[in-house]
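For reference, the structure discussed in these notes is given below.
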Amino acid sequence: MKARIHVTLKNGVLDPQGKAIEHALGNMGFDGVEAARQGKYIELDLKSTDRASAEKEVDEMCRKLLANTVIENYSIELE
Amino acid sequence: MKARIHVTLKNGVLDPQGKAIEHALGNMGFDGVEAARQGKYIELDLKSTDRASAEKEVDEMCRKLLANTVIENYSIELE
Amino acid sequence: MNNGNEIKITPELVKEHGLNEEEYARIVSAMGREPNYTELGIYSVMWSEHCSYKSSRFHLKKLPTKAPWVIQGPGENAGVIDIGDGQAAIFKMESHNHPSYIEPYQGAATGVGGILRDVFTMGARPVANMNALRFGEPDHPKTRHLLAGVVEGIGGYGNCVGVPTVGGETNFDESYNGNILVNAMTVGLADTDKIFYCAAAGVGNPVVYVGSKTGRDGIHGATMASAEFTEDSEEKRPTVQVGDPFTEKLLIEACLELMATDAIIAIQDMGAAGLTSSSVEMASKGGVGFELDLDQVPQREANMLPYEMMLSESQERMLMVLKPGREDMAKKIFEKWELDFAVIGHITDTGNLTLKFGGEVVGDMPINSLVEDAPEYERPYVPTPKRDAVDVDAPADLGKAVMDLIGGPNLCSRRWIWEQYDHMVMGDTIQRPGGDAAVVRVHGTEKALAISTDVTPRYCYADPVEGGRQAVAETWRNITAVGATPLAITNCLNFGNPERKDIMGQFVGCLEGMGEACRALDYPIVSGNVSLYNETNGSGILPTPAIGGVGVMADSNKMATIALKGAGQTVVLIGE
Amino acid sequence: MKSAVIVFPGSNCDRDMAVALEKITGQKPLMVWHQEYDFDKVDFIALPGGFSYGDYLRCGAMSARSHIMKEVIKRAEAGVPTFGVCNGFQILTETGLLPGALMRNAGLHFVCKDVKMTVENADTMFTSAYAAGEEITIPVAHHDGNYFADTETLDRLEGEGQVAFKYNEDINGAQRRIAGITNAKGNVLGMMPHPERMIEPALGGSDGRKLFESVMNRLG
Ligand SMILES: Nc1ncnc2c1ncn2[C@@H]1O[C@H](COP(=O)(O)OP(=O)(O)O)[C@@H](O)[C@H]1O
């Protein structure tokens with residue numbers, strides 16, 4: 001099974017990377033961008049074939065390692 | 001309109017961050033992970049409301065800045 | 001319009017703001033009325049331990065702070081000493097303990113950012129960073145994660161701004177299991193005739209905001225930093241600020257560029273309690289009033305309330321008072337560096353801090369009452385009882401004992417740490433980490449500064465007076481050992497809960513010892529920082545008054561290093 | 001030798017580079033701000049180290065797309081000796097002036113220390129003052145110095161003598177321990193180690209000087 005994880009900054013947390021991307025795109029003449037945010041995208045190949053237990057396990061991985069829940073949110077898709 | 005962009009390493013390009021995640025998860029006792037890959041996730045808020053032109057523009061942003069096509073692939077979703 | 005002041009002030013709300021009944025009564029009497037919500041927030045941060053030093057001020061006053069070479073002692077953003085040839089060294093040390101425990105990377109990173117601002121605010125180009133770190137036991141489940149995150153955060157910020165991190169110290173002890181210490185120090189260089197202070201002057205002069213936009217970052221961070229930890233504060237996870245070292249680098253360059261002109265009357269960084277503490281401090285030092293129009297504050301988020309703007313701890317921001325008519329010139333400089341620039345108010349003769357929002361006055365407080373009327377406590381204390389020395393058997397195998405010592409966590413090599421810090425950028429690090437003191441050349445000269453941070457918490461715990469003396473003396477020896485003349489120190493006093501008599505006894509004892517050593521060595525204290533309530537569930541840290549010493553050598557070619565230079569040389573032991 | 005140092009927002013080894021160039025060439029370099037479109041004719045262009053644009057997105061990505069780089073690319077293609085250190089190397093790969101990419105260090109940590117490396121090709125305009133195979137010590141200070149290129153490119157670089165320097169041991173996971181490469185024409189050099197930090201004994205050694213001296217010799 002594959003897990004696709006998105007880790008993004010919580011609302012209101014400063015996103016220096018996103019800000020810089022916005023700026024750079026503007027400087028390059030792309031003036032149609034109102035805002036940019038940058039997050040992480042993580043793909044895991046799992047041994048498990050059981051959806052429910054996989055979901056639980058990946059959630060734990062996110063809380064314990066993959067996301068910094070002080071400032072980040074995460075979301076998980078299994079396929 | 002919102003663009004959701006995934007930038008991932010091409011096949012065959014070594015992924016130190018993914019390797020480190022794999023390793024760390026293993027050390028933490030999560031032994032159900034066969035492989036991990038890390039990429040970037042970028043969200044853009046676009047002024048445009050025209051799908052076709054937005055698609056073209058975001059594609060150009062990816063090629064020109066957001067992805068390094070020597071080592072990275074990208075994919076775009078508009079919503 | 002909603003401005004937050006519709007929120008009713010209740011005893012619970014007052015308590016949540018860390019103010020006790022007596023302190024609240026003091027506010028009401030100082031204002032001659034009940035404060036509104038915005039004002040309550042402002043009083044609470046100004047009167048917090050962090051900003052007001054209410055438990056420590058009384059004792060800090062006893063420290064020696066003067067010498068002919070001291071240009072500016074404690075009371076400004078950083079201390080300033082004369083190092084000859086029209087040059088000055090400007091330095092300070094500061095703690096970022098609680099934020100680093102909650103989020104080690106960002107906590108440590110923003111700690112570095114904050115101390116850098118304290119130093120370049122005064123007109124100095126930062127030339128060296130140091131860090132004094134304490135963690136729990138090496139095998140405590142949290143230690144590895146905290147150590148890795150803190151070191152990465154310090155490197156992440158310092159490396160990016162391009163200021164070398166040239167040294168520090170690192171200890172492990174179980175008393176820090178729930179309360180790590182992250183103390184960061186910055187040393188900068190300026191010309192003695194180009195030093196900037198924070199006292200505002202000139203009624204009508206513009207108050208200018210520069211740097212990053214304001215968001216809802218770390219609101220109430222300043223009160224958090226002074227409140228004792230409990231297990232569930234980890235759960236509550238107060239907003240942690242994210243640092244942006246790239247913006248800080250631009251801010252340094254932009255400020256130094258503007259400082260080369262004659263436009264600035266006063267300047268102050270926005271540290272803990274951001275806009276509140278910076279404006280109050282500038283107005284108070286200058287004996288003037290400030291009127292701020294909060295609608296002009298550059299904002300990152302929508303619908304921010306005056307309370308939030310005044311208490312936000314967004315990083316990488318500065319407040320300045322400019323000479324009238326210089327706004328456009330200054331603006332151009334900040335635009336070149338792609339930073340926000342906004343005139344957000346002006347100086348008044350009312351002696352009040354007056355806040356406008358949406359065309360209404362939403363806060364109006366006498367500046368005096370925020371600063372001078374802040375409570376000061378002479379907390380009761382008991383001196384730490386003297387202990388008899390313990391008899392320890394001589395080790396059976398001296399060789400093994402030595403190996404155990406140098407292989408132990410408190411003495412082993414710190415290479416893993418300093419290799420993650422760029423300690424050479426700026427091209428003047430002539431003694432890298434690993435020696436007694438770091439040595440950094442004064443750019444373009446043969447002169448150099450020597451810097452060392454030291455304290456042995458174990459000693460301070462056993463005998464605070466002796467431990468305080470020893471910490472000062474150790475920096476003095478380390479600086480002397482590289483061939484420099486020690487000139488002055490900064491300090492960061494990390495202790496537990498001052499409301500406990502034994503802890504207060506440690507505090508008073510350490511200060512007494514430090515003061516004695518400084519007097520004996522003619523080695524004054526020119527700046528510092530106090531971090532109290534380093535305590536988890538009633539168990540406090542070892543008393544840890546970290547000392548950062550600075551010395552100067554006229555000819556860096558004569559510098560000494562610890563490396564043995566060749567076979568057949570004589571080893572000499574000196575001292576008692 | 002008249003040189004220019006290109007300065008981006010967030011460059012932080014620009015002064016170090018300028019000091020080294022002035023000490024060695026005897027001439028103060030021109031400092032060129034990234035927003036300029038053009039600058040005086042120079043014999044040598046240096047892209048300094050640092051964290052341009054905070055290293056956000058990818059190291060060197062945003063600088064590579066700046067106005068000034070259009071001009072730098074034009075001159076490099078016309079043959080002007082162009083030299084990128086650390087962030088400068090990352091910028092050069094991002095513009096495509098040099099092949100490959102610099103990825104996060106394999107150990108994931110920032111690494112700052114002296115490293116021993118070998119001069120692989122002493123016939124380039126940047127290395128002629130060194131002896132072929134000479135072992136030199138130069139410091140590194142980077143988070144993203146892990147050189148990557150596909151096998152074909154790596155073989156070509158090695159075959160054509162475009163690998164200028166190799167680390168003597170694995171520092172950051174770089175393929176074939178590559179520390180610095182030139183373009184096919186040999187007038188563009190990018191390297192992760194900082195020769196400008198090793199130009200006098202007080203800083204720990206002088207092994208970096210010969211790089212600048214090589215260029216001076218070539219330019220006469
Ligand atoms: N956190 C740190 N950051 C940078 N350098 C450090 C750190 N901790 C220790 N060091 C360096 O390691 C060396 C040894 O440290 P320490 O044992 O505290 O020295 P000493 O006991 O001689 O004062 C010193 O050069 C010091 O600067």
Side-chain angles (χ1 to χ4, degrees), chain C residues 125-127 148 151-166 243-254 316 335-339 415-434 439-441 443-444 446 448 555-557 559 561, chain D residues 7-23 33-36 48-57 59 62-63 85-87 105 107-115 138-144 171-172 193-205 208:
Chain C
R125 176 170 287 281
V127 297
V151 169
E152 215 183 315
I154 290 173
Y157 207 99
N159 298 347
C160 184
V161 295
V163 176
T165 302
V166 293
D244 181 358
F246 170 57
T247 298
E248 179 103 336
K249 165 73 175 163
L250 303 183
L251 197 55
I252 294 178
E253 299 304 331
E316 291 94 22
E335 277 172 355
K336 169 186 162 192
W337 293 98
E338 304 185 10
L339 295 164
R415 182 183 296 274
W416 182 85
I417 296 176
W418 78 61
E419 281 186 356
Q420 294 187 53
Y421 302 150
D422 190 337
H423 46 264
M424 304 176 221
V425 63
M426 298 187 87
D428 283 308
T429 306
I430 54 173
Q431 187 151 168
R432 301 182 189 176
V439 183
V440 173
R441 237 174 3 199
H443 192 65
E446 297 293 305
D555 181 1
S556 55
N557 299 307
M559 175 179 78
T561 66
Chain D
V7 187
F8 301 96
S11 292
N12 64 32
C13 305
D14 45 330
R15 189 184 78 179
D16 304 1
M17 182 66 85
V19 168
L21 283 167
E22 187 179 351
K23 271 198 178 138
W33 181 236
H34 74 117
Q35 277 164 341
E36 293 173 30
F51 285 67
S52 64
Y53 293 96
D55 273 359
Y56 298 148
L57 188 64
C59 304
M62 299 189 194
S63 307
V85 169
C86 201
N87 194 229
N105 293 346
L108 300 188
H109 291 306
F110 188 95
V111 48
C112 177
K113 62 177 181 183
D114 283 349
V115 303
I138 306 269
V140 294
H142 61 247
H143 214 157
D144 299 77
I171 298 299
N172 48 28
H194 288 266
E196 82 282 11
R197 293 189 183 183
M198 257 326 185
I199 54 158
E200 53 175 318
L203 297 178

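Below, chains carry the letters A, B, ... as their sequence lines are ordered, and counting in each starts from 1.
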If one checks every heavy atom of C/Arg441 against chain D at 4.5 Å, the contacting part turns out to be side chain
When the 4.5 angstrom heavy-atom criterion is applied to D/Met17 and chain C, the contacting part is neither
- Message: Using a 3.5 Å distance criterion without hydrogens, assess whether the side chain of D/Asp16 forms a donor-acceptor pair with backbone atoms of C/Val425.
- Response: no
Using a 4.5 Å cut-off on heavy atoms from C-beta on, say whether the side chain of D/Cys13 contacts that of D/Val85. no
Max heavy-atom pairs within cutoff under 4.5 Å with chain C, candidates D/His143, D/Arg197, D/Lys113, goes to D/Arg197
Bottom line for C/Asp244: the part with an atom under 4.5 Å from chain D's heavy atoms is both
> Any side-chain heavy-atom pair from D/Asn87 and D/Asp55 closer than 4.5 angstrom?
Replying inline: yes
Honestly, the part of C/Glu253 sitting under 4.5 Å from a heavy atom of chain D is neither
Parallel under 30°, tilted from 30 to 60°, perpendicular over 60°: which one fits the rings of D/Tyr56 and C/Phe246? perpendicular
Inset, instruction - Give me the ring orientation class for D/His34 and D/Phe8: parallel if the planes are under 30° apart, tilted from 30 to 60°, perpendicular past 60°. - result: tilted
Of the listed C/Gln431, C/Lys249, C/Glu419, the one with the largest count of heavy-atom pairs under 4.5 Å with chain D is C/Glu419
key: D/Asn12 side-chain N/O to C/Asn159 backbone N/O, donor-acceptor pair under 3.5 Å   = yes
Bottom line for D/Glu196: the part with an atom under 4.5 Å from chain C's heavy atoms is neither
If we ignore hydrogens and angles and just use 3.5 Å, is the side chain of D/Ser52 paired with the main-chain N or O of D/Gly10 as donor and acceptor?
no
Cut-off 4.5 Å, heavy atoms of chain D, and the answer for C/Ile430 is both
Under 4.5 Å to a heavy atom of chain D? For C/Val161 that would be backbone
